[in-house]
Amino acid sequence: TTQPPVEPPTQTVQPPAQTPTTPSATTPSTQPSTPSTTTPPPATAGQGKPCLPGLAGFGTSPRAVCYDMLGQDVKGPYCVVIPAGGKYTTPFAIGKFEVSVRDYALYSKATGKPMPKGNQDPNLPVVGISTQDAQGYAKWLSAQTGNTYRLPKDGEWVYAAEAGGKKPVTDFNCYLQQGGTVLKGSSLQAVSSGTANGWGLQNAIGNAQELVDAGGAFKVRGGSFRDSMSSCSPALVKEAPGGADEQTGFRLVREIKEQ
């Protein structure tokens, strides 16, 4: 399989900004002050950019980001393909970013499901949702695209977050204080903030702690902006909250169909 070319390290991928003609979130009136240097991933008209095994392990390159279309000009969440390894004999795709307020608003408007209370900045991870809400969003995405989206299994999430040991050392949004000054972890940050790991996942560690399916129970992984910098890692696991809270979000696995 021909490997996609690696992009210069200064190039970044931003979550899709929607200007849909189908149900969607209201376009925000303000935009980030820093211009995007994104090179949009190539797409097939009406089908998005397929998540193919040949993209596995190249998620730091914009050319290796994949996504489905939810309607005309409406992109689903950006995904990266995780290579096979260990007990995972086939590649799978997972969200490059935490599911954002913008992503969830598309689901909310299409289904009438209320938006969670709290900060409605479209670039932030959506929080204030229950496990059932996250599963409902995944089911809706699956129905819209014909591909299977779901919460990641605990082992899948850890494997993807570890990225074969190529994970950020300290560039994540967890609580860090020095001399009475909070240096990091004062609040949630945009899903595109921070440094991606070696397989392209951003904010797997810190920012919002993420829901995982632990086989009959749900847990949260990676730590949040409220956890200390020294404790944040893919290994940090807690019981999922009984209800919605302001520090728990999620990203989804997108299963890859056999060719």
Side-chain angles (χ1 to χ4, degrees), residues 1-7 9 11-13 41-42 48-68 76-99 134 138 141-142 145 147-172 191-192 194-223 231-238 249-259:
T1 304
T2 302
Q3 296 181 345
V6 177
E7 301 296 321
Q11 202 165 34
T12 58
V13 176
K49 171 75 180 294
C51 293
L52 301 175
L55 300 178
F58 292 97
T60 57
S61 167
R63 295 182 183 274
V65 173
C66 55
Y67 57 90
D68 292 314
Y78 280 175
C79 294
V80 295
V81 181
I82 304 302
K87 66 180 181 179
Y88 301 104
T89 58
T90 58
F92 61 91
I94 192 169
K96 178 175 179 64
F97 306 108
E98 300 150 311
V99 172
L141 269 184
S142 300
T145 64
N147 292 304
T148 299
Y149 286 84
R150 57 174 173 78
L151 286 171
K153 296 176 183 177
D154 187 45
E156 289 173 331
W157 188 96
V158 173
Y159 178 65
E162 289 281 1
K166 297 178 288 185
K167 58 183 185 293
V169 178
T170 57
D171 190 16
F172 36 84
V191 297
S192 60
T195 301
N197 71 12
W199 290 341
L201 277 72
Q202 294 194 216
N203 285 309
I205 303 172
N207 213 30
Q209 59 188 8
E210 298 183 20
L211 288 164
V212 296
D213 182 351
F218 292 94
K219 297 184 183 296
V220 289
R221 282 274 183 182
S231 67
C232 281
S233 80
L236 180 57
V237 60
K238 306 175 189 176
F250 66 105
R251 73 183 72 214
L252 296 176
V253 159
R254 178 198 180 280
E255 294 183 357
I256 297 178
K257 296 176 180 178
E258 293 185 7
Q259 301 297 308

Within the side chain of [X], is there an N or O that forms a donor-acceptor pair under 3.5 Å with the backbone of [Y]?
X      : Y      : result
Glu98  : Ala208 : yes
Arg221 : Ala235 : yes
Gln202 : Ser192 : yes
Lys49  : Arg63  : yes
Arg251 : Lys96  : yes
Ser142 : Tyr149 : yes

Less than 4.5 Å apart, any side-chain heavy atom of [X] and any of [Y]?
X      : Y      : result
Asn197 : Ile205 : no
Leu52  : Val81  : no
Tyr159 : Trp199 : yes

Minimum heavy-atom distance between [X] and [Y], given as atom pair plus value:
X      : Y      : result
Gly59  : Val65  : O-CG2, 4.3 Å
Ile256 : Pro53  : CG2-CD, 4.2 Å
Leu252 : Leu151 : CD2-N, 3.8 Å

Asp68 side, atom CG; Cys79 side, atom SG - distance, nearest 0.5 Å: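 Reported value, rounded in 0.5 Å steps: 7.0 Å.
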Check SG atoms, Cys51 and Cys66, less than 2.5 Å apart: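 The sulfur gammas are closer than 2.5 Å, so yes.
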Using atom types as modelled, flag every donor-acceptor pair under 3.5 Å from a side chain in residues 211-219 to any protein atom, sequence neighbours excluded.
unit_1	atom_1	unit_2	atom_2	d
Asp213	OD1	Gly215	N	2.9
Lys219	NZ	Glu239	OE2	2.6

